[in-house]
Protein chains: 2
Amino acid sequence: MTVGSHVARPEWWGGSDAFDIECPAREVLDHITGRWGVLLLTALEHGPLRFSELRAMIGGISEKMLSQTLRMLVRDGLVARTVEPTTPPRVSYELTALGRGLTDALRTFLNWVHRHSADVMAAQREHDRQ
Amino acid sequence: MTVGSHVARPEWWGGSDAFDIECPAREVLDHITGRWGVLLLTALEHGPLRFSELRAMIGGISEKMLSQTLRMLVRDGLVARTVEPTTPPRVSYELTALGRGLTDALRTFLNWVHRHSADVMAAQREHDRQ
DNA sequence: CAGCATCCAAAAGGATACTG
DNA sequence: CAGTATCCTTTTGGATGCTG
């Protein structure tokens, strides 16, 4: 592990340092930028959804990953889980205030991805031509 | 694969649909939000860096992953690789114009992480108390 | 220095079956 | 419906050794 052998680390991350593998911000970053985090958070951006709705909405996710990621986001305080005790139980997930702040902050990034993914694909093709 | 069995997907992603596992935006999103993508891009935000500088700066990354992720970002047109033919060769990496646009778009998100990771950690502790 | 190749360990992820 | 449990496959990642 390279934690000890640090080069002068820049200040511009903001004091706390996500480049350090020990920094809490690094764990938070990993949770959000994991394979399903952003997708789930974005799916919930416009209101609560049920387990099965999320599964149907997010292409390629398995029940295991959906449930696992949801649990993680609930633990992180980004998503709230509500059970209505009917039979069968109706469970829905929605963003917390903290989670909503996060999706707001993600907006610009997601818009970039949407607007520039074609550029990236083009760069890939150009690169592969060589 | 759940691709066929889609529930009505919302329009608010922007027309193209990263919820679809087949969408190019999804691949781009995966590249950036992979384990090292954001970290590398951020490290390069304030100027070119050499291979060994990047390795030293990013805690926990192995040579293999560094080289692999860099190659991916170069292929995506987000990072440029420059070799000065000295002996030994001096190789440096820097953001392209496209990559710079991306790090700009990531800024708000990264700031959020920095400002709120303590809140997330607190939520975790509170959750674990139960 | 900047890396690629190889091998191996660990973690993530998927399919399926089952439960309250 | 909303999951959990289990098993198995795939992917990821690290350590090491080698090259121009």
Side-chain angles (χ1 to χ4, degrees), chain A residues 1-5 7 19 21-22 26-27 29-40 43-44 48-75 79-94 127 130, chain B residues 1-5 7 19 21-22 26-27 29-40 43-44 48-75 79-94:
Chain A
M1 220 162 270
T2 16
V3 175
S5 65
V7 137
F19 289 120
I21 198 174
E22 303 295 350
R26 176 80 167 260
E27 185 194 330
L29 188 65
D30 284 347
H31 282 193
I32 301 166
T33 66
R35 182 152 178 207
W36 304 110
V38 170
L39 251 20
L40 236 25
L44 293 173
L49 289 171
R50 303 175 60 182
F51 188 87
S52 51
E53 292 172 327
L54 284 166
R55 186 182 42 195
M57 189 179 300
I58 301 188
I61 197 169
S62 65
E63 289 189 357
K64 179 184 166 180
M65 281 301 99
L66 179 55
S67 134
Q68 212 168 90
T69 310
L70 245 13
R71 252 182 321 209
M72 183 186 69
L73 294 176
V74 168
R75 176 168 179 262
V79 168
R81 179 179 187 272
T82 313
V83 187
E84 294 160 66
T86 57
T87 44
R90 191 185 175 87
V91 181
S92 63
Y93 296 88
E94 63 188 314
H127 185 270
Q130 315 310 339
Chain B
M1 219 161 271
T2 14
V3 175
S5 66
V7 138
F19 290 120
I21 198 173
E22 303 294 351
R26 177 82 167 258
E27 186 194 330
L29 189 65
D30 284 348
H31 282 192
I32 300 166
T33 65
R35 182 152 176 208
W36 305 109
V38 170
L39 250 21
L40 236 27
L44 293 173
L49 289 172
R50 302 176 60 185
F51 188 86
S52 50
E53 293 173 327
L54 284 166
R55 187 182 41 197
M57 188 179 302
I58 301 189
I61 197 168
S62 65
E63 289 190 355
K64 180 183 166 181
M65 281 302 101
L66 179 54
S67 133
Q68 213 169 87
T69 309
L70 281 171
R71 248 178 318 185
M72 184 187 69
L73 294 175
V74 168
R75 177 167 180 261
V79 168
R81 180 179 186 271
T82 313
V83 187
E84 294 161 64
T86 57
T87 45
R90 190 186 175 87
V91 183
S92 63
Y93 296 88
E94 64 187 314

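Reminder, nothing fancy here: chain letters follow the sequence lines and each chain counts from 1.
Closest to the A:Arg50 side chain, of the nucleotides D:dA2, D:dG14, C:dG3, is D:dA2. Listed nucleotides C:dA2, C:dG14, D:dG3 differ in distance to B:Phe51; the shortest reach to its side chain belongs to C:dA2. For B:Met65, whose side chain is taken as the heavy atoms from C-beta onward, the closest listed nucleotide among C:dG14, D:dG14, D:dG3 is D:dG14. If you check D:dG3, D:dT6, C:dC1 against the side chain of A:Lys64, the one that comes closest is D:dT6.
When all heavy atoms of B:Pro89 and B:Arg50 are compared, the closest pair comes out as O-NH2, 4.5 Å. Heavy-atom minimum distance, A:Phe51 versus A:Leu66: O-CD2, 3.6 Å.
Summarising the geometry, atom CG belonging to A:Leu40 is positioned 4.5 Å from atom CD1 belonging to A:Ile58; distances are rounded to the nearest 0.5 Å. Taking CG from A:Asp30 and CE from A:Met72, the interatomic distance works out to 9.5 Å, rounded to the nearest 0.5 Å. We find the CG-CG distance between B:Leu70 and B:Leu49 to be 10.0 Å, quoted to the nearest 0.5 Å.
Across the protein-nucleic acid pair, B:Ile61 atom CD1 and D:dT12 atom P stand 14 Å apart, rounded to whole Å. A straight line from CG of B:Leu54 to C1' of C:dA2 spans 12 Å, rounded to a whole angstrom. Spacing between atom CG of A:Leu66 and atom C1' of C:dA12 amounts to 15 Å, rounded to whole angstrom units. Summarising the geometry, the separation between CD on B:Glu63 and P on C:dA5 is reported as 14 Å, rounded to the nearest angstrom. Atom CH2 of B:Trp36 is separated from atom C1' of C:dA11 by 14 Å (rounded to the nearest Å). The separation between B:Gln68 atom CD and C:dC4 atom P is 10 Å, rounded to whole Å. If you measure from atom CZ of B:Arg71 to atom P of D:dG13, you get 14 Å, rounded to the nearest angstrom. For the pair B:Arg35 CZ and C:dG13 C1', the interatomic distance rounds to 16 Å; values are reported in whole Å.
Using a 4.5 Å heavy-atom cutoff, the side chains of B:Arg81 and B:Val91 are in contact. Looking at A:Thr33 and B:Ile32, their side chains never come closer than 4.5 Å, going by heavy atoms from C-beta outward.
Projected onto DNA chain C by closest heavy-atom contact, A:Gly34 and B:Tyr93 fall at different nucleotides, the more 5' of which corresponds to B:Tyr93.
Axis orientation changes by 50° from one end of the helix from C:dC1-D:dG20 to C:dG20-D:dC1 to the other, with each end axis drawn from 5 pairs and the value rounded to 10°.
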Please lay out, stage by stage, how A:Leu29 and B:Leu39 fare under the test side-chain contact (heavy atoms from CB on, under 4.5 Å).
CA-CA 9 Å; A:Leu29 188 65; B:Leu39 250 21; 3.7 Å; yes
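For D:dA2, one of the phosphate oxygens OP1 or OP2 lies less than 4.0 angstrom from a side-chain nitrogen or oxygen of A:Ser52. The shortest distance between the side-chain N/O atoms of A:Arg81 and the OP1/OP2 oxygens of D:dG3 is below 4.0 Å.
The side chain to side chain donor-acceptor pair (under 3.5 Å) contacts involving residues 62-71 of chain A comprise A:Arg55-A:Glu63, where partners must be two or more places apart or lie in separate chains.
Looking at residues 84-92 of chain A, you'll see A:Pro88, A:Pro89, A:Val91 sit with a heavy atom under 4.0 Å from some atom of DNA chain D.
Of the possible polar contacts, one joining the B:Arg26 side chain to the A:Gly59 backbone as a donor-acceptor pair under 3.5 Å is found.
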